[in-house]
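Note: hydrogens, waters and symmetry copies are ignored here, and every other heavy atom, side chains too, is used. This one's a predicted model, so the numbers in the text were calculated from it and none came from an experiment. Residue indices begin at 1 and follow the sequence shown.
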Amino acid sequence: MTRTPEFLLWSISRKCPLRTYRNWDDPQRTERHLRAARAFAEAMVEGRVLGDLCFDNAVDPWSVAQEDEPRAFRIEASLAHLGGSIQVLSTCDECPARTLAAGSKKIAASCYGWWILPDDPSPIHQTIERAATAAKALDPNDAWPMPTSPCWYGVWQQGVFTGDHLPALTAMLEQQRFPSETAQASATHLAAAARVAFLERLPLVVTLYPPGHVENRLWTLDPHCPRCQAPSRHDPERCGVCGYIGPITPTTTFKARGSRPWRPLSQVALPEERAKVRELLAALEEDPEGNSDEESKE
Ligand SMILES: [Zn+2]
Ligand SMILES: [Zn+2]
């Protein structure tokens, strides 16, 4: 059994030819459907592509297991459900819902993102507490954030952000420094998404998932409040975070996320590809910007 942390998943609601699945505006469905496209798009801008192979050295932020070999996937097979790589790149080419860029180049399939909390989320809760208190002071009549303790849960309780709540969310996330690099990067990305959604007049859907565990390919969420999603450990009849009175949601089960499309390099690549990938990874590690050529010419 592997414990899973609390996390947020978010997506900008813009229907497009890649987002044709049922509940297309649900962040979890979006993440599952577009995950390979996003991994491919990021690998493209970072130079981690060899023929039909995407590769990286990164540790999967979703995985607790430490991989001891590079990961890879076959591009066209992994993107077949989306019509292939050309279809992905051309569909996303003009999309206003993209939230990531490398330099001036927008990254395909970046209309969604995540924020994975550490085992002890209290430093992040405290940062949000300070930021939300400041936000509340600016507009005391606004029902957002909902009154919860910690405030973190009340920020996400409404689920869908539109109109003035989008710049308010951006301002709140940019009001404080977050206690870790990962948290800061996740907050910055979500703040940027809220900015994009506001400019494009698109809704931003944010879903909070309580902690849980994965066992036998099933992902089970811990008992949690049906209103604010806070994990409920003490009183089965009343939520200590938002005050909700009523039965808590006992457990909810999904198919486990898995590491798809990524696989250990040795399982997807031919021996000669493996050697080349390791060479390329070593070069990228020495020069992550990939500009050693220009420098050596000077
Ligand atoms: Zn799009
Ligand atoms: Zn609650």
Side-chain angles (χ1 to χ4, degrees), residues 1-11 18-43 48 52-84 88 109-121 156 159 182 186 205-226 229-233 247-269 274:
M1 185 179 96
T2 309
R3 289 293 299 166
T4 56
E6 179 173 311
F7 64 93
L8 296 178
L9 269 184
W10 55 261
S11 60
L18 300 183
R19 293 175 67 174
T20 51
Y21 39 93
R22 207 158 48 87
N23 302 335
W24 64 274
D25 56 353
D26 171 51
Q28 189 190 155
R29 294 204 76 103
T30 301
E31 195 272 336
R32 288 183 182 223
H33 199 77
L34 296 184
R35 185 189 301 161
R38 171 76 154 276
F40 161 66
E42 290 183 340
R48 293 182 286 99
D52 182 47
L53 213 55
C54 277
F55 57 87
D56 84 357
N57 233 343
V59 175
D60 188 342
W62 295 91
S63 160
V64 210
Q66 201 81 14
E67 281 106 62
D68 50 5
E69 70 168 294
R71 310 180 296 170
F73 63 88
R74 289 280 167 202
I75 296 169
E76 295 309 330
S78 304
L79 301 182
H81 68 292
L82 297 170
V88 166
S110 61
C111 51
Y112 74 92
W114 55 84
W115 186 343
I116 303 170
L117 297 199
D119 288 340
D120 175 14
W156 315 116
T182 316
S186 304
V205 183
V206 185
T207 310
L208 187 145
Y209 288 90
H213 67 270
V214 169
E215 196 172 19
N216 299 328
R217 298 184 186 209
L218 287 178
W219 169 40
T220 304
L221 302 178
D222 291 352
H224 57 278
C225 170
Q229 319 300 318
S232 171
R233 295 197 180 94
I248 53 148
T249 307
T251 49
T252 315
T253 298
F254 301 93
K255 224 168 90 189
R257 185 181 180 280
S259 54
R260 193 178 51 81
W262 295 104
R263 315 261 299 148
L265 179 65
S266 56
Q267 291 179 21
V268 280
R274 298 209 285 266

Give the minimum heavy-atom separation between [X] and [Y], together with the two atoms involved.
| X | Y | result |
| --- | --- | --- |
| Pro226 | Pro247 | CG-O, 3.9 Å |
| Pro5 | Leu117 | CB-O, 3.3 Å |
| Pro231 | Glu6 | CD-OE1, 3.9 Å |
| Trp10 | Trp114 | NE1-N, 3.6 Å |
| Ser11 | Asp25 | OG-O, 3.8 Å |
| Pro261 | Arg35 | CD-CD, 4.0 Å |

To the nearest 0.5 Å, how far apart are [atom1] in [X] and [atom2] in [Y]?
| X | Y | atom1 | atom2 | answer |
| --- | --- | --- | --- | --- |
| Phe254 | Thr220 | CZ | OG1 | 9.5 Å |
| Leu218 | Thr253 | CG | OG1 | 6.0 Å |
| Leu53 | Phe73 | CG | CZ | 9.0 Å |
| Tyr209 | Leu8 | OH | CG | 10.5 Å |
| Thr4 | Asp222 | OG1 | CG | 7.0 Å |

List the residues meeting ring-ring contact (aromatic ring centres under 6.0 Å, His included) with Phe55, not counting sequence neighbours, and say none if there are none. none

According to ring-ring contact (aromatic ring centres under 6.0 Å, His included), who are the partners of Trp156, at least two apart in sequence or on a separate chain? Trp152

Not counting sequence neighbours, which residues clear side-chain contact (heavy atoms from CB on, under 4.5 Å) with [X]? List them please.
| X | result |
| --- | --- |
| Pro118 | Ile124 |
| Asp120 | Ser122, Pro123 |
| Pro70 | Asn57, Leu265, Arg278, Leu281 |
| Asn23 | Asp26, Arg29 |

With sequence neighbours left out, write down each residue that passes side-chain hydrogen bond (donor to acceptor under 3.5 Å, both in side chains) with [X], or none if nothing qualifies.
| X | answer |
| --- | --- |
| Thr30 | Arg19, Tyr21 |
| Arg274 | none |
| Arg260 | none |
| Glu215 | none |

Take Thr182 and Ile116 through the test side-chain contact (heavy atoms from CB on, under 4.5 Å) and record every step on the way to the result. CA-CA 8 Å; Thr182 316; Ile116 303 170; over 6 Å; no

Going by atom types only, do Glu69 and Ser266 share a side-chain donor-acceptor pair under 3.5 Å? yes

Arg48 vs Cys54, test: side-chain contact (heavy atoms from CB on, under 4.5 Å). Steps then yes/no. CA-CA 6 Å; Arg48 293 182 286 99; Cys54 277; 5.8 Å; no

Output side-chain donor-acceptor pairs under 3.5 Å for residues 75-82, partner residues at least two apart or in another chain, one line each.
residue : atom : partner : partner atom : Å
Glu76   : OE1  : Ser85   : N            : 3.0
Glu76   : OE2  : Ser85   : OG           : 2.5
Ser78   : OG   : Arg74   : O            : 2.7
His81   : ND1  : Ser78   : O            : 3.3
His81   : NE2  : His33   : O            : 2.9

Trace of the side-chain contact (heavy atoms from CB on, under 4.5 Å) decision for Cys111 with Leu34: CA-CA 9 Å; Cys111 51; Leu34 296 184; 3.7 Å; yes

Quick one, Trp262 with Asp56, criterion side-chain contact (heavy atoms from CB on, under 4.5 Å). Give me CA distance, side-chain angles, the key distance, then yes/no. CA-CA 9 Å; Trp262 295 104; Asp56 84 357; 3.8 Å; yes

Can any side-chain N or O of Arg3 pair as donor or acceptor with the backbone N or O of Gly212 at less than 3.5 Å? yes

Contacts of Arg32 that satisfy salt bridge (charged side-chain N to carboxylate O under 4.0 Å, His left out) - sequence neighbours left out: none

